[in-house]
Each structure stands twice: as structure tokens, then as C-alpha cells.
Amino acid sequence: MTRRSIDDIKARADEFADAFENYDPKPGDQNAPLPPAMAVELAAWRRDAAEKELAEAVRAAREQRMSWREVGEAIGTSGEAARQRYRATA
């Protein structure tokens, strides 16, 4: 692979910016399937966001004196498993 010059990189960046700024969606574009790698990346990002939200909810519940047993029941596991998983954040 040959190295690109700064001018080559800038020109390519300008092409991408132009394509983005001039994008005119066509009917059905919003429902187009994602490429497999992008779908996996998106799902991983959503999982990470959900885990952060769950950890924050557990922390808030524990601050309100909710028992680990109740937390576990709420997330579909045992109280001990919930305590082991979320103790550091609660």
C-alpha cells in the first residue's frame, strides 16, 4: 500500500464532506439494511449503553435501600449474582 500525502487525504476528506452535505435521501433509504459489521458495532454500542443505564439504575435503587434480592428479581437473576455484578457501582 502506498502512503498517501496530506493533500491526498484532504482531497478525499473533502469528497466525503461534499457527499455528506449534498446527500438527498431516496425513498426506502431509512429502511436499508446495515452492512453486517456495522450492525454488529451498533448492537455492541447499544449493549454498552444499556449496561451503563442498568448499572446506574442499580446504584440508584441501592441508594434507596432496595435489597440485593429485589434488585436481582428486577433484572431476572439472584440477589447474590446481582450483588457480585453491580456491587462496585452501587
Side-chain angles (χ1 to χ4, degrees):
M1 176 178 212
T2 59
R3 297 187 60 93
R4 293 181 182 98
S5 71
I6 296 296
D7 289 335
D8 292 338
I9 294 169
K10 286 180 183 178
R12 189 70 171 138
D14 286 339
E15 288 175 27
F16 283 124
D18 289 342
F20 179 77
E21 290 168 358
N22 298 316
Y23 176 67
D24 185 22
K26 313 266 183 304
D29 279 357
Q30 67 272 20
N31 297 322
L34 293 174
M38 187 179 288
V40 170
E41 290 173 10
L42 179 59
W45 179 85
R46 287 178 176 158
R47 180 190 61 197
D48 185 53
E51 279 294 328
K52 289 175 183 174
E53 182 180 353
L54 179 55
E56 176 57 30
V58 168
R59 186 196 60 71
R62 292 292 296 154
E63 284 180 356
Q64 296 296 314
R65 306 255 188 245
M66 188 175 188
S67 72
W68 283 115
R69 180 186 56 76
E70 293 171 309
V71 171
E73 287 175 2
I75 61 175
T77 190
S78 69
E80 179 62 17
R83 184 185 66 77
Q84 288 176 4
R85 173 69 176 90
Y86 297 102
R87 173 181 43 208
T89 60

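The analysis underlying the following values was restricted to heavy atoms, covering all of them including side chains, and did not include hydrogens, waters or symmetry mates. Position 1 is the first residue of the sequence; numbering continues from there.
- More than 12 non-hydrogen atoms from other residues, nucleotides or ligands lie less than 6.0 angstrom from CD of Glu15.
- Residues Met66 and Trp68 share a single hydrophobic cluster, defined by chaining ILVMFWY side chains whose heavy atoms lie under 4.5 Å apart.
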Side-chain donor-acceptor distances from residues 25-36 under 3.5 Å, at least two apart:
| unit_1 | atom_1 | unit_2 | atom_2 | d |
| --- | --- | --- | --- | --- |
| Lys26 | NZ | Asp24 | O | 3.3 |
| Asp29 | OD2 | Tyr23 | OH | 2.5 |
| Asp29 | OD2 | Lys26 | N | 2.8 |

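- Annotation for Ile6: atom CD1 does not count as buried by contact number, only 12 or fewer foreign heavy atoms lying within 6.0 Å.
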Cut-off 3.5 Å, no hydrogens considered: what does the side-chain donor-acceptor table look like for residues 71-79, sequence neighbours left out?
| unit_1 | atom_1 | unit_2 | atom_2 | d |
| --- | --- | --- | --- | --- |
| Glu73 | OE2 | Arg69 | NH1 | 2.9 |
| Ser78 | OG | Ala81 | N | 3.0 |

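- Rounding to the nearest 0.5 Å places CD of Glu70 at 13.0 Å from CZ of Arg65.
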Using distance only, find each side-chain donor-acceptor pair of residues 49-59 under 3.5 Å and give its atom names and separation, not counting sequence neighbours.
| unit_1 | atom_1 | unit_2 | atom_2 | d |
| --- | --- | --- | --- | --- |
| Glu51 | OE1 | Arg85 | NH2 | 2.8 |
| Glu51 | OE1 | Tyr86 | OH | 3.4 |
| Lys52 | NZ | Asp48 | OD2 | 3.2 |
| Glu56 | OE1 | Arg59 | NE | 3.0 |
| Glu56 | OE1 | Arg59 | NH2 | 3.4 |
| Glu56 | OE2 | Arg59 | NE | 3.3 |
| Glu56 | OE2 | Arg59 | NH2 | 2.2 |
| Arg59 | NH1 | Glu63 | OE1 | 3.0 |
| Arg59 | NH1 | Glu63 | OE2 | 2.3 |

